[in-house]
Amino acid sequence: MANPHVDHDLCIGCGLCAEICPDVFYMNDDNLADVVDGADCDAAGCCQEAADSCPVDAISL
Ligand code: F3S
């Protein structure tokens with residue numbers, strides 16, 4: 001299903017996605033969100049909420 005992606009040109013590093021959905025999103029060394037290797041949105045069940053919560057719509061699913 002959904003293959004989450006973070007647009008680093010848009011991400012402002014607010015950290016909400018990693019807070020809402022830590023099984024899928026984490027903050028990298030540049031303080032931008034990245035997707036955990038092998039992340040499973042179906043299992044995590046929080047990708048949509050994370051994407052909807054991103055203030056700059058940097059997350060696509
Ligand atoms: Fe970045 Fe949006 Fe997450 S700004 S840290 S992708 S909630």
Side-chain angles (χ1 to χ4, degrees):
M1 81 153 273
N3 184 19
H5 175 78
V6 177
D7 186 337
H8 283 169
D9 291 333
L10 294 176
C11 176
I12 55 171
C14 82
L16 257 184
C17 55
E19 210 170 291
I20 292 170
C21 201
D23 287 345
V24 175
F25 301 100
Y26 70 99
M27 304 309 291
N28 67 21
D29 291 342
D30 297 323
N31 202 39
L32 298 175
D34 261 328
V35 176
V36 174
D37 272 343
D40 184 343
C41 275
D42 280 336
C46 47
C47 285
Q48 189 65 56
E49 187 186 350
D52 289 346
S53 301
C54 177
V56 292
D57 278 337
I59 299 172
S60 50
L61 301 176

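Predicted model only: the values in this text are computed from it and were never measured. Starting from 1, each residue takes its place in the sequence as its number. Whatever order the structure lists ligands and atoms in, that order sets their numbers, starting from 1.
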Which pair of non-hydrogen atoms, one from D23 and one from A39, has the smallest distance, and what is that distance? O-CB, 4.2 Å
Around atom 3 (Fe) of ligand 1, how many protein N/O/S atoms fall inside 2.8 Å? 1
Ligand-side contact atoms (ligand 1) for residue partner M27, heavy atom cut-off under 4.0 Å: 5 (S)
Find all atoms of ligand 1 within a distance of less than 4.0 Å from any non-hydrogen atom belonging to V56, and give their numbers and elements. 4 (S)
Atom CG in D34, atom SG in C11: separation rounded to 0.5 Å? 8.5 Å
Considering the options V35, I20, L16, which one meets the side-chain contact (heavy atoms from CB on, under 4.5 Å) requirement together with F25? V35
Between atom SG of C14 and atom CE of M27, what is the distance when rounded to the nearest 0.5 Å? 7.0 Å
For residues V56 and I12, report the shortest heavy-atom separation together with the two atoms involved. CG1-CD1, 4.0 Å
re atom 4 (S) of ligand 1, the protein heavy-atom contact at minimum distance is I12 N, 3.4 Å
Rounded to the nearest 0.5 Å, what separates atom CD1 in I59 from atom SG in C17? 4.0 Å
Just let me know how L10 lines up against ligand 1, side chain, backbone, both or neither, with a heavy-atom cut-off below 4.0 Å. neither
Are the gamma sulfurs of C47 and C21 separated by less than 2.5 Å? no
Can a donor-acceptor pair be found, under 3.5 Å and without considering hydrogens, that links the side chain of D30 to the backbone of L32? no
